[in-house]
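Whatever order the structure lists ligands and atoms in, that order sets their numbers, starting from 1. Worth knowing before you read on, the calculation uses all heavy atoms, side chains too, and leaves out hydrogens, waters and symmetry mates.
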Amino acid sequence: MTTLPLPTYADVEAAAERIAGYANRTPVHTSRTLNDRLGAEVFFKCENFQRMGAFKFRGAFNALSKFTPAQRQGGVVAFSSGNHAQGIALSARLLGMPATIVMPADAPALKIAATKGYGANVVIYDRYTEDREAIGRDLAEKHGMTLIPPYDHPDVMAGQGTTARELFEEVGTLDALFAPLGGGGLLSGTALATRALAPQCELYGVEPEAGNDGQQSFRSGSIVHIDTPKTIADGAQTQHLGQHTFPIIQRDVTDILTATDAQLVDAMRFFAERMKMIVEPTGALGLAAALQQADALKGKRVGIVISGGNVDIAWFCELMKR
Ligand SMILES: *Cc1c(COP(=O)(O)O)cnc(C)c1O
């Protein structure tokens with residue numbers, strides 16, 4: 001795969017202009033219970049209230065908005081465990097182009113149904129035995145579609161960066177910011193916005209403990225590949241960071257932290273009980289990590305990105321019984 005020029009904060013600003021009027025400007029919520037518990041002031045950027053239920057709409061819409069007329073005609077192909085699929089499918093429909101989505105057979109039923117509901121053609125594969133990137137590339141070549149990967153693309157990264165840009169616009173500077181980490185589209189975009197708007201802010205990426213390839217990569221200085229991790233955080237089951245996301249993460253992020261599935265369930269329960277919000281397991285990574293950092297966060301202004309809220313309700317209820 002060829003390497004494209006890395007995005008800068010100017011690309012995040014351009015993305016903000018492209019998505020204006022299409023993406024929701026999501027709310028920032030707070031919890032006095034949590035503030036009291038941490039002795040800190042915490043601001044949640046609620047992308048669970050984004051269109052299609054996750055921040056992925058931002059990057060997808062930004063990328064598709066930049067297609068040439070010829071690319072629009074051929075349409076877009078994407079491979080995704082779920083939210084990127086929905087982001088691409090919805091963006092394609094809004095922009096009037098065809099979309100084909102390659103999805104794993106074990107993706108949440110809700111996500112597959114929603115993707116089809118947006119009018120996309122869905123191709124199913126087995127995530128433990130087949131290579132989704134090869135399938136996607138094959139479809140692109142055969143049918144003249146343009147492949148938009150879920151994270152490793154400058155336009156996707158720049159679009160995701162608009163989340164943190166809005167947060168800083170709304171609450172001003174912060175001492176620390178936590179964002180979920182899968183392949184690093186969200187975290188690298190967040191890093192661009194953070195270094196431009198709150199240069200002193202500590203920035204933490206948070207990934208599932210069972211799949212800490214990002215932490216290993218960050219600390220070793222080169223991209224570490226792992227097997228598909230078994231975790232309830234299905235939005236962060238990536239096997240490696242991207243060649244575009246990694247350099248920005250390495251340059252601009254403070255550290256990568258992890259959370260166990262049990263900690264994610266605790267955080268989801270907090271969101272449901274205390275804040276009346278349904279947050280998907282991956283979306284709870286930021287809070288799960290912040291709760292472990294209570295001592296370090298005392299007296300600080302802290303941002304936490306809730307990245308999404310797409311979870312099967314039956315599965316959500318099962319998790320809440322744990
Ligand atoms: C995709 C996704 C992530 C991870 O984003 P990356 O850009 O791959 O790091 C986190 N949370 C949710 C809800 C997602 O859909």
Side-chain angles (χ1 to χ4, degrees), residues 7 26 44-60 62-63 78-90 103-104 107-108 110-111 114-115 132 148-164 178-192 203-208 211-215 217-218 223 228-229 231-246 248-249 253 256 258-259 264 267-268 271 277-289 304-312 316:
T26 52
F44 290 102
K45 178 64 170 167
C46 296
E47 287 297 292
N48 49 319
F49 298 130
Q50 186 49 266
R51 287 187 81 161
M52 51 64 51
F55 71 91
K56 291 271 193 340
F57 178 73
R58 297 171 181 268
N62 184 50
F79 46 84
S80 166
S81 61
N83 284 334
H84 177 62
Q86 291 179 67
I88 289 284
L90 174 57
M103 296 183 88
L110 179 81
K111 292 184 180 179
T115 306
R132 64 180 189 174
I148 296 296
Y151 53 86
D152 200 18
H153 191 290
D155 298 337
V156 173
M157 295 155 63
Q160 318 307 32
T162 61
T163 306
F178 295 80
L181 169 61
L186 177 63
L187 184 59
S188 59
T190 300
L192 295 175
L203 174 59
Y204 298 96
V206 188
E207 61 187 350
N212 73 333
D213 60 289
Q215 187 179 59
S217 305
F218 185 80
I223 299 174
T228 300
T231 165
I232 59 170
D234 58 289
Q237 278 183 310
T238 40
Q239 294 170 278
H240 55 85
L241 298 179
Q243 54 177 329
H244 302 91
T245 61
F246 179 60
I248 292 176
I249 288 170
V253 170
I256 311 289
T258 64
L264 292 180
M268 290 168 72
F271 285 130
M277 294 197 293
I278 295 194
V279 175
E280 64 181 278
T282 316
L285 279 163
L287 175 59
I304 296 178
V305 178
I306 298 175
S307 53
N310 291 328
V311 54
D312 236 60
F316 179 86

Self-check item: Non-hydrogen atoms of L285 and A236 that approach each other most closely
Solution: CD1-CB, 4.3 Å
Quiz prompt | N/O separation below 3.5 Å, L187 to ligand 1 | solution = no
Exercise. Name the orientation class of the two ring planes belonging to F178 and Y204 (parallel below 30°, tilted from 30 to 60°, perpendicular beyond 60°).
Key: parallel
Quiz item: Among protein heavy atoms, which lies nearest atom 5 (O) of ligand 1, and at what distance?
Solution: F55 CZ, 3.4 Å
Quiz prompt | Close-contact set for ligand 1 against T282 heavy atoms, below 4.0 Å | solution = 10 (C), 11 (N), 12 (C)
Quiz item: Looking at G235, which atoms of ligand 1 are within less than 4.0 Å of one of its heavy atoms?
Solution: 1 (C), 2 (C), 3 (C), 4 (C)
Quiz item: In the protein, which heavy atom is nearest to atom 13 (C) of ligand 1, and how far is it?
Solution: S307 OG, 3.3 Å
Quiz prompt | Proximal atoms of ligand 1 relative to E280 (non-hydrogen, under 4.0 Å) | solution = 13 (C)
Self-check item: Contact (N/O only, under 3.5 Å) between G182 and ligand 1
Solution: yes
Practice problem: Answer yes or no for R51 and F57: cation-pi contact, defined as NZ/CZ to six-membered ring centre under 6.0 Å and angle to ring axis within 45°. | Solution: yes
Quiz item: Looking only at heavy atoms, which two atoms of A284 and M268 are closest? And how far apart?
Solution: CB-CG, 3.9 Å
Quiz prompt | Close approach, G184 and ligand 1, non-hydrogen under 4.0 angstrom | solution = yes
Exercise. Among all protein heavy atoms, pick the one closest to atom 1 (C) of ligand 1 and tell me residue, atom and distance.
Key: K56 NZ, 1.3 Å
Quiz item: Counting each atom of ligand 1 from 1 as listed, which ones have a heavy atom of G308 under 4.0 Å away?
Solution: 13 (C)
Quiz item: What's the shortest distance from atom 8 (O) of ligand 1 to any protein heavy atom, and which residue and atom give it?
Solution: G183 N, 2.9 Å
Quiz item: Does an N or O anywhere in P180 fall below 3.5 Å from an N or O of ligand 1?
Solution: no
